[in-house]
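One structure below.
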Amino acid sequence: MSELIEMQNISLKAAEMVEEGRVHKDLYSNPEIFEEELDKVFNNTWVFVGHESEVPEAGSFKTAYIGRQPVILSRDRKMNLHVLQNRCRHRGATVCEARKGKTKAFTCPYHGWGYGLDGSLRALPKPEEYDGVFDKNDMPLESLRVETYQGMVFATFNDGIEPLEDFLGGAKKWIDLFMKQGGGYPVKVLGEHRFNFPGNWKIQLENTTDAYHFPIVHKSFVSSLDEATADIFDFLDGEGFVEDLGNGHSVMVMIPQLVDLEEDLDQPIPERFASLAQALRDEGKSEDEVKKLVRAAHGTGFNLNLFPNVSCSMAFFRVLRPVSVGETEIQHVALGGEGAPTAFNRKRMRLHEHFQGPMGFGTPDDGEAWERVQKGAMAGTDGWILVNRGMNNLHESKDGNVAGAVCSETGMRGAYRQYKKMMAAGEEK
Amino acid sequence: MKSNTELLAQVTEFIGYEADLLDHKGYQEWLSLWTDSGLYIVPADLNETDYLNTLNLALDDADMRRMRVARLENGESVSALSVGNTVRMMSRVRVLEAGDDVVIARCAMTLNELRHGKLVTYPANVEYTLKPTSDGFKLEQKVVKLLHADGFLRTVSFIF
Ligand code: FES
Ligand SMILES: [Fe+2]
């Protein structure tokens with residue numbers, strides 16, 4: 001009984017630590033709150049696990065995590081997608097440790113139980129000892145609810161929540177726009193960068209909707225660019241905005257002229273893409289197609305933040321995974337076009353390497369700032385993190401949503417509102 | 001034709017020299033070690049050798065190397081400022097190919113970085129493609145194959 005009361009106090013506390021405009025620093029550092037987040041957020045909503053192009057064929061699979069739980073995303077012989085718990089039904093070993101690959105079956109290394117790509121238990125050594133003990137059909141790898149939108153695969157442990165498309169809601173339009181960057185080819189994963197930082201996952205969640213930091217933290221990156229490109233990244237005084245899309249999602253438009261990559265196709269080719277354009281012409285592409293591909297090569301001019309773990313961030317997916325209260329793993333997933341010209345995909349990878357990943361010109365400086373936030377969370381006993389920037393300068397967007405300036409903290413407030421709602425769930429009882 | 005021992009000694013000396021420059025942040029001198037077409041590569045996928053058509057952690061041509069160095073040196077990068085020092089050990093040097101125009105060698109590296117008071121270690125195989133010139137060797141390609149290339153790395157604000 002007393003344990004129950006204690007648990008309730010913690011949950012009350014976590015939800016109360018989020019106010020409109022500020023959040024308590026303990027949300028970054030309290031391990032009990034972290035455990036509660038895994039339970040109430042990550043095990044309870046749609047979590048991004050991969051892109052369909054990562055499992056292109058029958059038999060393709062990749063491993064992923066939902067919070068702390070290892071899962072497998074697989075494609076069966078009928079091309080259906082499955083997300084399976086990576087835990088053998090016998091004595092619990094993981095049945096797959098490869099990052100990705102192709103297989104006919106998942107065979108547990110311990111006693112050899114073999115599972116199909118749909119998770120069904122197909123065969124096991126010396127089955128007669130189970131006669132009358134259990135039926136093989138009742139022992140598949142446990143599977144999660146899976147739904148996709150525009151090739152993005154999401155899974156959830158919660159069978160009771162709304163369909164994925166309802167959850168994405170106002171974000172769907174922006175996912176559609178994001179997927180135009182294949183330049184007329186379906187968007188495809190080209191590879192990924194992986195790194196971790198000693199800090200709480202919400203620091204990363206906030207960052208993808210934080211334009212305010214860009215000219216400061218990424219000054220050394222901007223200085224390394226030619227003038228025309230540097231101008232593009234000088235967006236704080238521009239026409240950009242942050243729009244709250246509901247359910248914790250938000251979009252931050254930094255470069256409005258790059259919202260729809262299929263518009264404005266008659267613009268001259270910028271200097272820095274001249275060699276790409278030439279390479280595309282050399283591959284025999286028409287001038288129209290060259291212009292379309294060059295424009296798509298930029299990526300979009302916005303970050304779409306999808307609560308809780310993925311951002312469609314200009315040209316790539318930024319996926320976060322909470323490891324512990326003070327450690328977060330991040331994947332920067334590079335995108336290109338399936339069947340697109342070699343020169344196009346190469347350019348996309350080189351641009352990705354330039355800024356992203358643990359050795360890019362951007363990430364290490366972000367990482368440094370985030371590490372400092374985590375350290376700062378230990379100072380004092382009652383400190384608050386401000387997310388109230390631009391709160392008095394809001395307007396209604398074309399779609400009827402709340403929007404603020406590009407460097408406002410509107411997106412963070414949206415994410416924390418959803419966080420608060422989920423963390424408070426069940427408290428009233 | 002040089003004796004193998006002589007060539008091995010020259011290659012080892014060059015590798016030690018390059019390592020020393022990088023540990024002591026002699027970046028401008030390091031830039032001058034390269035041929036114009038040289039590539040500095042840190043693969044993310046150790047099974048791939050078609051680096052140009054693969055996503056790498058770094059794939060630097062001359063322009064990118066210059067920018068990478070500028071970023072580390074211009075005092076604007078908060079992470080570059082907070083890197084302490086690196087100490088790298090190069091050993092197990094072996095010459096794989098000894099031509100007149102190109103020498104290919106491989107060695108083991110253990111790089112230690114002190115970062116916010118914590119020691120971070122990067123073991124790696126490093127492959128050098130060297131061009132013999134009247135001025136000594138020039139780097140035509142350097143591939144740093146980190147042991148944990150496909151794991152979750154810490155961010156890197158130095159040069160391997
Ligand atoms: S634990 Fe998997 S077969 Fe025994
Ligand atoms: Fe950043």
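Chain letters run A, B, ... following the sequence lines, proteins first and then strands; every chain starts at 1. Quantities reported herein were computed from a predicted structural model and do not represent experimental measurements. Note that these values count all heavy atoms, side chains included, but never hydrogens, waters or copies made by symmetry.
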Q.
Less than 4.5 Å to any heavy atom of chain B: does that hold for the side chain of A:D365, its backbone, both, or neither?
A. both

Q. Just wondering, are more than 12 heavy atoms of other shown residues or ligands nearer than 6.0 Å to NZ in B:K138?
A. yes

Q. With a 4.5 angstrom heavy-atom cut-off, which part of A:H218 approaches chain B: side chain, backbone, both or neither?
A. neither

(Q) Which residues pass the salt bridge (charged side-chain N to carboxylate O under 4.0 Å, His left out) test with A:D366, not counting sequence neighbours? (A) none

**Q.** More than 12 heavy atoms from other groups under 6.0 Å of CG on A:D226
**A.** yes

Q: Return yes when atom CD of B:E13 has more than 12 non-hydrogen atoms of other residues, nucleotides or ligands closer than 6.0 Å, and no otherwise.
A: no

Q | When A:G357, A:A369, A:P364, A:A334 are compared by non-hydrogen pairs under 4.5 Å with chain B, the top option | A | A:P364

Q.
Does either side chain, that of B:R71 or that of A:S224, offer a donor lying less than 3.5 Å from an acceptor on the other one?
A. no

Q) Is there a side-chain contact between A:F221 and B:E76 (heavy atoms, below 4.5 Å)? A) no

Q) Less than 4.0 Å between a side-chain N and a carboxylate O, is that true for B:D61 and A:R350? A) no

Q. By salt bridge (charged side-chain N to carboxylate O under 4.0 Å, His left out), which residues pair with A:R272, not counting sequence neighbours?
A. none

Q.
Could you check whether atom CG of A:D282 has more than 12 heavy atoms from other residues, nucleotides or ligands sitting under 6.0 Å from it?
A. yes

Q.
Does atom CD (A:E283) have a neighbourhood of more than 12 heavy atoms from anything else shown, all under 6.0 Å?
A. yes

**Q.** Leading residue by heavy atom contact count with chain B [cutoff under 4.5 Å; candidates A:P358, A:G367, A:S223]
**A.** A:P358

Q) Checking A:E192 against chain B: side chain, backbone, both or neither under 4.5 Å from a heavy atom? A) backbone

Q.
As an exercise: rank B:L153, B:D45, B:N74, B:V78 by heavy-atom pairs under 4.5 Å with chain A and give me the winner.
A. B:L153

Q: Specify which of B:A44, B:A58, B:S82 makes the most heavy-atom pairs with chain A at under 4.5 Å.
A: B:S82

Q: Heavy atoms only, distances under 4.5 angstrom: which of B:V42, B:T54, B:L72, B:L52 has the most pairs with chain A? Name it, please.
A: B:L52

Q: Report yes if some heavy atom in the side chain of B:D150 is under 4.5 Å from a heavy atom in the side chain of A:R194; otherwise report no.
A: no

Q.
Quick check for you: among B:G151, B:S157, B:A149, which has the greatest number of heavy-atom pairs under 4.5 Å with chain A?
A. B:G151

